[in-house]
Amino acid sequence: MCTPLISVVDDDASVRAATENLLKSRGYIVQTFASAEDFLRSPRLNETSCVISDLQMPVMSGLDLLAEMRARGHGVPFIFITAFPNDRVSTSALDAGAIGFLAKPFAGHTLIECLDAALQENRDGGHT
């Protein structure tokens, strides 16, 4: 089995760096993007096993990114992270198909547990 490629999309450089370091320490291959638009232009878009994305970003939000990915036929699981959590955005994210929703700051083990669940569900065919 190949090592999963995890794509981290967040306009906050410190969050991207911390998340990248955490995921690499767990053996994942990681690519980071400062915007949804940058991610959509990635030549490795089709190789992504899971997207960890901020919800609130300028121009294209995390929810808009998820919708665009689904419109393009990508069923990759999404985990949303946000500094502005509330029930409305949590419900919107999960109803849109996100497998996880985490409030910043989140514990590293919480993200890893969510990521492991997302990757397992993806392997089991939960997202197509």
Side-chain angles (χ1 to χ4, degrees):
M1 179 169 60
C2 299
T3 301
L5 171 63
I6 311 302
S7 294
V8 178
V9 184
D10 198 308
D11 59 331
D12 184 327
S14 64
V15 172
R16 285 195 312 273
T19 305
E20 180 178 29
N21 288 339
L22 171 66
L23 297 176
K24 284 185 173 178
S25 76
R26 298 298 301 249
Y28 292 109
I29 300 169
V30 182
Q31 58 181 359
T32 64
F33 303 91
S35 71
E37 298 83 2
D38 288 348
F39 172 65
L40 290 170
R41 288 189 290 268
S42 168
R44 300 184 70 192
L45 191 67
N46 293 333
E47 300 171 39
T48 295
S49 298
C50 185
V51 176
I52 299 171
S53 176
D54 191 6
L55 266 175
Q56 291 85 18
M57 296 184 288
V59 184
M60 180 180 265
S61 73
L63 285 174
D64 292 338
L65 174 60
L66 173 58
E68 180 62 27
M69 290 289 287
R70 296 297 186 257
R72 293 182 183 195
H74 296 282
V76 65
F78 268 67
I79 298 170
F80 285 120
I81 56 178
T82 183
F84 307 99
N86 63 50
D87 290 342
R88 185 185 56 77
V89 292
S90 173
T91 299
S92 294
L94 297 173
D95 286 351
I99 198 161
F101 180 86
L102 302 175
K104 297 177 187 176
F106 48 82
H109 70 86
T110 303
L111 177 60
I112 295 301
E113 289 171 4
C114 193
L115 177 59
D116 289 345
L119 293 173
Q120 183 61 46
E121 183 171 319
N122 198 36
R123 278 191 291 271
D124 293 343
H127 291 268
T128 56

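All residue numbers in this chain count up from 1 along the given sequence.
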So, for [X] and [Y], which heavy atoms are closest and what is the spacing to 0.1 Å?
| X | Y | value |
| --- | --- | --- |
| S35 | D38 | OG-N, 3.0 Å |
| S49 | P77 | O-CD, 3.3 Å |
| V9 | A36 | CG1-N, 3.7 Å |
| L63 | A93 | CD2-CA, 3.7 Å |
| T3 | G27 | CG2-O, 3.1 Å |
| D54 | T82 | OD1-CA, 3.9 Å |

Is there a chain of hydrophobic side chains (I, L, V, M, F, W, Y, each step under 4.5 Å between heavy atoms) that links [X] to [Y]?
| X | Y | answer |
| --- | --- | --- |
| L5 | V51 | no |
| I29 | I112 | no |
| L23 | V15 | yes |

With sequence neighbours excluded, residues passing side chain to side chain donor-acceptor pair (under 3.5 Å) with R26
none

Can M60 and L40 be said to form a side chain to side chain contact (heavy atoms under 4.5 Å, CB included), step by step?
CA-CA 11 Å; M60 180 180 265; L40 290 170; 3.7 Å; yes

Evaluate the side-chain proximity of [Y] to [X]: yes if any heavy-atom separation is below 4.5 Å, no if none is.
| X | Y | answer |
| --- | --- | --- |
| M69 | F39 | yes |
| F106 | I81 | yes |
| D64 | M57 | no |
| Q31 | S42 | yes |
| L119 | I6 | yes |
| F80 | V89 | no |
| T19 | D10 | no |
| E37 | L65 | no |

Please check if atom CG in D87 has more than 12 non-hydrogen atoms from other residues, nucleotides or ligands closer than 6.0 Å.
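Not buried by this count: 12 neighbours or fewer within 6.0 Å.
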
To the nearest 0.5 Å, what is the distance between [atom1] on [X] and [atom2] on [Y]?
| X | Y | atom1 | atom2 | result |
| --- | --- | --- | --- | --- |
| F78 | S53 | CZ | OG | 6.0 Å |
| C50 | L115 | SG | CG | 5.0 Å |
| L66 | E68 | CG | CD | 10.5 Å |

Show, in sequence, the C-alpha distance, side-chain angles and deciding distance for R72 and L45, and conclude whether the side chain to side chain contact (heavy atoms under 4.5 Å, CB included) test is met.
CA-CA 11 Å; R72 293 182 183 195; L45 191 67; 4.1 Å; yes

Please step through salt bridge (charged side-chain N to carboxylate O under 4.0 Å, His left out) for the pair E20 and R16, ending with a clear verdict.
CA-CA 6 Å; E20 180 178 29; R16 285 195 312 273; over 6 Å; no

Is it true that a side-chain atom of T91 and a backbone atom of R88 form a donor plus acceptor pair closer than 3.5 Å?
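Looks like no, no N/O pair under 3.5 Å.
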
Under 3.5 Å donor-acceptor, R70 side chain and V76 backbone
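Judged by distance alone, yes, a pair lies under 3.5 Å.
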
